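Worksheet: one structure, shown below.
Treat the numbers as computed from the prediction; the structure is a model and nothing was measured. Per chain, numbering begins at 1; letters A, B, ... match sequence-line order.
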2 protein chains.
Amino acid sequence: MSSAKINAAIDNLKEAGVRITPQRHAILEHLIESMSHPTADEIYKALEGKFPNMSVATVYNNLRVFKEAGLVKELTYGDSSSRFDCVTTDHYHIICDSCGKIVDFHYPGLDEVESLAESVTGFEVGRHRMEIYGICPECKRKH
Amino acid sequence: MSSAKINAAIDNLKEAGVRITPQRHAILEHLIESMSHPTADEIYKALEGKFPNMSVATVYNNLRVFKEAGLVKELTYGDSSSRFDCVTTDHYHIICDSCGKIVDFHYPGLDEVESLAESVTGFEVGRHRMEIYGICPECKRKH
DNA sequence: TAGACTAATTATAACGATTATAAAGTAATA
DNA sequence: TATTACTTTATAATCGTTATAATTAGTCTA
């Protein structure tokens with residue numbers, strides 16, 4: 001049930017002292033239930049039925065709020081706009097070069113790479129990012 | 001000697017049927033010799049002494065030409081502008097969260113991750129990207 | 001509950017990176 | 001030399017995102 005996730009996220013925000021406005025609730029709900037990795041504009045469009053007067057700025061503002069609360073991650077790829085991903089469990093993304101679809105997959109982590117980089121460069125390592133690019137099954141079939 | 005690298009790159013372009021204009025030569029030279037990962041605008045500014053009339057569009061156009069020839073890679077991070085990296089040997093980047101510095105480091109490759117992702121998702125995997133983020137030694141000292 | 005304070009939303013303008021366009025210049029080829 | 005294709009330039013347009021100011025809504029305290 002995704003409503004449990006939503007409630008957990010909301011509790012999380014409340015504890016951080018963030019007010020739960022109708023807009024925030026809707027954005028969060030959309031992020032959790034859509035199971036996709038929408039752009040700010042996609043969220044804006046998806047909610048304009050419910051909130052005809054909502055401003056794009058509200059979407060961006062609140063995505064930032066969620067990011068700061070650690071609930072949402074911003075995915076930045078080359079072109080065009082950022083996509084936003086609900087942080088649930090650790091996972092990586094594989095992205096279709098042809099249609100842009102993003103699919104989650106799990107992998108034990110790359111601690112080894114991090115520690116090698118740390119010793120070679122002298123950096124204090126905080127995190128890493130990794131994505132894989134390829135062609136998804138649907139696009140392969142269409143080819 | 002970096003002039004050897006430049007010549008190799010130029011031969012590469014010529015074979016691909018790309019004309020070597022003074023601007024292209026200068027952009028390529030700057031990319032190879034600067035040893036950094038400049039933005040389009042940094043390249044533009046670095047060359048405005050030599051080419052007072054060069055247009056930003058020229059920089060962007062030629063970076064695209066170099067990319068298509070496989071000589072240059074575009075690095076896209078979250079905010080602000082893309083950075084451009086001469087493709088020499090395979091390497092990854094570690095990026096300082098505090099000052100933005102980018103340092104190269106080598107790692108044997110992540111074939112294992114690619115093949116796991118392939119089998120789990122059904123994608124035909126083409127490539128991956130990975131970066132590590134942390135604090136560089138200089139910024140640690142300043143702290 | 002009224003009044004005061006704070007935070008959130010809206011509407012709009014501004015910004016910055018990148019791309020498109022059209023005109024002018026340059027090189028290559030016949 | 002004439003023709004053609006390619007490059008560069010200058011400029012305007014586009015698009016995602018952020019800043020601003022005004023309005024609205026929530027929260028708190030007396």
Side-chain angles (χ1 to χ4, degrees), chain A residues 9-10 13-31 37-69 71-85 100, chain B residues 9-10 13-31 37-69 71-85 100:
Chain A
I10 286 174
L13 287 171
K14 276 186 185 160
E15 271 174 43
V18 175
R19 249 182 233 171
I20 308 302
T21 64
Q23 291 89 336
R24 287 188 176 157
H25 193 285
I27 294 171
L28 208 49
E29 190 175 4
H30 180 77
L31 268 167
H37 307 79
T39 63
D41 197 59
E42 281 167 6
I43 297 172
Y44 175 66
K45 290 217 165 62
L47 299 180
E48 71 182 355
K50 267 191 218 165
F51 299 87
N53 295 321
M54 185 168 63
S55 163
V56 226
T58 300
V59 177
Y60 280 102
N61 286 342
N62 291 329
L63 286 170
R64 180 159 26 82
V65 169
F66 298 159
K67 257 171 61 184
E68 284 164 3
L71 284 176
V72 164
K73 259 178 123 172
E74 183 173 358
L75 312 175
T76 58
Y77 306 121
D79 315 356
S80 69
S81 17
S82 290
R83 303 190 154 272
F84 295 86
D85 187 23
Chain B
I10 286 174
L13 287 171
K14 277 186 186 162
E15 272 173 44
V18 175
R19 248 184 234 169
I20 307 302
T21 64
Q23 293 89 336
R24 286 189 176 154
H25 193 287
I27 294 170
L28 208 49
E29 190 175 2
H30 180 77
L31 268 167
H37 308 78
T39 62
D41 197 60
E42 282 167 5
I43 297 173
Y44 175 66
K45 290 214 167 64
L47 299 180
E48 73 181 353
K50 267 191 217 166
F51 298 87
N53 296 321
M54 186 168 62
S55 163
V56 228
T58 300
V59 177
Y60 280 103
N61 286 341
N62 291 328
L63 287 169
R64 179 158 28 79
V65 169
F66 299 158
K67 256 171 63 183
E68 283 163 5
L71 284 177
V72 163
K73 259 178 125 174
E74 184 173 357
L75 313 175
T76 58
Y77 305 123
D79 313 358
S80 69
S81 17
S82 289
R83 302 190 155 271
F84 295 87
D85 188 23

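Taken to the nearest 0.5 Å, the NZ atom of A:Lys73 stands 13.5 Å off from the OG atom of A:Ser82. Rounded to the nearest 0.5 angstrom, A:Arg83 CZ and A:Leu63 CG are separated by 12.5 Å. With values rounded to the nearest 0.5 angstrom, A:Glu48 atom CD is found 13.0 Å from A:Ile43 atom CD1. Rounded to the nearest 0.5 angstrom, B:Tyr44 OH and B:Ile27 CD1 are separated by 11.5 Å.
In this structure, the CG atom of A:Asn53 is 11 Å from the P atom of D:dA25, given to the nearest Å. Between the C1' atom of C:dG16 and the OH atom of B:Tyr77 lies a distance of 20 Å, rounded to the nearest Å. In this structure, CZ of B:Arg24 is placed 15 Å from P of C:dT26, rounded to the nearest angstrom. Atom CD in B:Glu48 sits roughly 12 Å away from atom P in D:dA10 (whole-Å rounding). The separation between A:Leu63 atom CG and C:dT9 atom C1' is 15 Å, rounded to whole Å. Atom CE of A:Met54 and atom P of C:dT12 are 16 Å apart (whole Å). Nucleotide C:dA7 holds its P atom 14 Å from the CD atom of A:Glu68, rounded to whole Å. For the pair A:Leu13 CG and C:dA7 P, the interatomic distance rounds to 16 Å; values are reported in whole Å.
Not counting sequence neighbours, A:His30 has no partner by the ring-ring contact (aromatic ring centres under 6.0 Å, His included) test.
A donor-acceptor pair is defined here as one N or O able to donate and one able to accept, closer than 3.5 Å; such a pair exists between the side chain of A:Arg24 and the backbone of A:Arg19.
For residues 14-23 of chain B, proximity to DNA chain D is found at B:Arg19, B:Thr21, B:Gln23, defined as any non-hydrogen atom under 4.0 angstrom from a strand atom.
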task = Show the numbers, then the answer: is there a side chain to side chain contact (heavy atoms under 4.5 Å, CB included) between B:Leu28 and B:Ile20?
result = CA-CA 10 Å; B:Leu28 208 49; B:Ile20 307 302; 5.9 Å; no

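Contact annotation: B:Asn61 does not reach the phosphate of C:dT18 (side-chain N/O to OP1 or OP2, under 4.0 Å).
Between B:Lys14 and B:Ile10, the closest side-chain pair of non-hydrogen atoms falls below 4.5 Å. When side chains are defined from C-beta on, B:Phe66 does not count as touching B:Val18, because their heavy atoms never get closer than 4.5 Å.
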inquiry  = For a quick check, with a 4.0 angstrom heavy-atom cut-off, what is the B/S/- contact string for nucleotides 12-19 of chain D, read 5' to 3'?
reply    = ----SSBB

